[in-house]
Q: 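What follows is a single structure, and I will ask about it in a moment.
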Protein chains: 2
Amino acid sequence: MDNKEKLRKVGLRPTKQRMIIADILLDGINRHFTAENLQNEINSSGNSMSIATIYNCLKKFRNCGLIKQVESSKDTAIFDTNINQHHHFLDEETGELIDIENDEVNLHKLPKIPQGYLNNGVEVLIKIKKQI
Amino acid sequence: MDNKEKLRKVGLRPTKQRMIIADILLDGINRHFTAENLQNEINSSGNSMSIATIYNCLKKFRNCGLIKQVESSKDTAIFDTNINQHHHFLDEETGELIDIENDEVNLHKLPKIPQGYLNNGVEVLIKIKKQI
DNA sequence: CAAGTAGTTTAGAACGATTTTAAAGTAAAA
DNA sequence: TTTTACTTTAAAATCGTTCTAAACTACTTG
């Protein structure tokens, strides 16, 4: 399925700008990036785009499930092209994130979900620190 | 141990402002809060403090391990007075966090920590959604 | 295809959280 | 004490992100 179809499938019009971003992000490679990172990639690809459009597009892509946003206490939003349930190592010093595939983690005991709620995804974060 | 000693123990001068904040935060009750929440509590307690001092103090307290900062993709930093390893439920709609004690979760299989790094804490986040 | 309409892009302004500045104040050391 | 290093402050600055409103474009319907 090409990117135009992918966009239509989730109900997004395949505009020029969304296609440029889809061509960069939806290539099957897993990566973590910020809006600014993406803008640099857009520029490097010989295109250009308003930062407002980039934020707009990232929000739509995220809400439509084409990308994910990572839970992170950094001041800049971090997005992830890996939309499968998975986990992360985080080097708090540098902010570097490394993917952990879902089958590398095994949760044996999970707490009872609070009354009236449903489980909507489990994320494990393993903070790591450079050895000295 | 009183709060003055607690501050000295981690190498912080027990100034008037830090004592006011310590008296609010270090009472043994677990809570999640923002800088603004704390400012409101300070005001309610009949004191007042520059917002710069509040941010300053929260950063020092966090760096000294008196409080933790929660990994969260919200635009406002969230702090936690529970400094023991523990986990959270997160209602993504409202941003509400609920503590999960460490012994309520059992990780059976953990991935190998990357070469040259040490495990520096594991956090499990269970995203939950209101049932409809 | 033409015309309409609903959604999209844009530059620039605005916003909100946080940090910086630099000057005045305070705690601890000598 | 007096000195020195650290802390607080209000206000300005900064940074990431969102809003605004006007121009533009994709899709729909006739």
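On a predicted model such as this, the values are computed, not experimentally measured, just so you know. Only this structure's heavy atoms are used, side chains among them; waters, hydrogens and symmetry mates stay out.
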Q: Rounding to a whole Å, what distance do you find between B:D75:CG and D:dC19:P?
A: 11 Å
Q: Could you tell me the separation between the CD1 atom of B:I20 and the P atom of D:dT7, rounded to a whole number of Å?
A: 16 Å
Q: Does a side-chain N or O from B:R8 land closer than 4.0 Å to OP1 or OP2 of C:dA28, or not?
A: yes
Q: Between D:dT25 and A:Q17, is there an OP1 or OP2 to side-chain N/O distance shorter than 4.0 Å?
A: no
Q: Start at the 5' end of DNA chain C and walk down; is the nucleotide closest to B:T34 or to B:P14 reached first?
A: B:T34
Q: Looking at D:dT8, C:dT10, C:dA28, which one has an atom nearest to any side-chain atom of B:R13?
A: C:dA28
Q: Do the side-chain N or O atoms of A:S50 get closer than 4.0 angstrom to the phosphate oxygens (OP1, OP2) of C:dT9?
A: no
Q: Determine: side-chain N/O of B:K59 to OP1/OP2 of C:dT18, distance under 4.0 Å, yes or no.
A: no
Q: For A:N37 and D:dT17, give me the distance from atom CG to atom P, rounded to whole Å.
A: 11 Å
Q: If the plane angle is over 60° it's perpendicular, under 30° parallel, otherwise tilted; pick one for A:H108 and B:H108.
A: parallel
Q: Choosing from D:dT8, C:dT9, D:dC19, which nucleotide comes nearest the side chain of A:R18?
A: C:dT9
Q: Could you please name the option among D:dT9, D:dT7, C:dT9 that lies closest to any side-chain atom of A:T15?
A: C:dT9
Q: What integer distance in Å separates B:K16:NZ from D:dT9:P?
A: 7 Å
Q: Please state whether the phosphate of D:dT18, meaning OP1 or OP2, lies under 4.0 angstrom from any side-chain nitrogen or oxygen of A:Y55.
A: no
Q: I'd like to know if the side chain of A:Q69 reaches the main chain of A:F79, judged simply by a donor and an acceptor atom lying under 3.5 Å from each other, with no hydrogens or angles considered.
A: no
Q: What is the distance, to the nearest angstrom, from the CG atom on B:N56 to the P atom on C:dT21?
A: 13 Å
Q: Do B:R31 and B:D80 sit within salt-bridge range, that is, some charged N less than 4.0 Å from a carboxylate O?
A: no
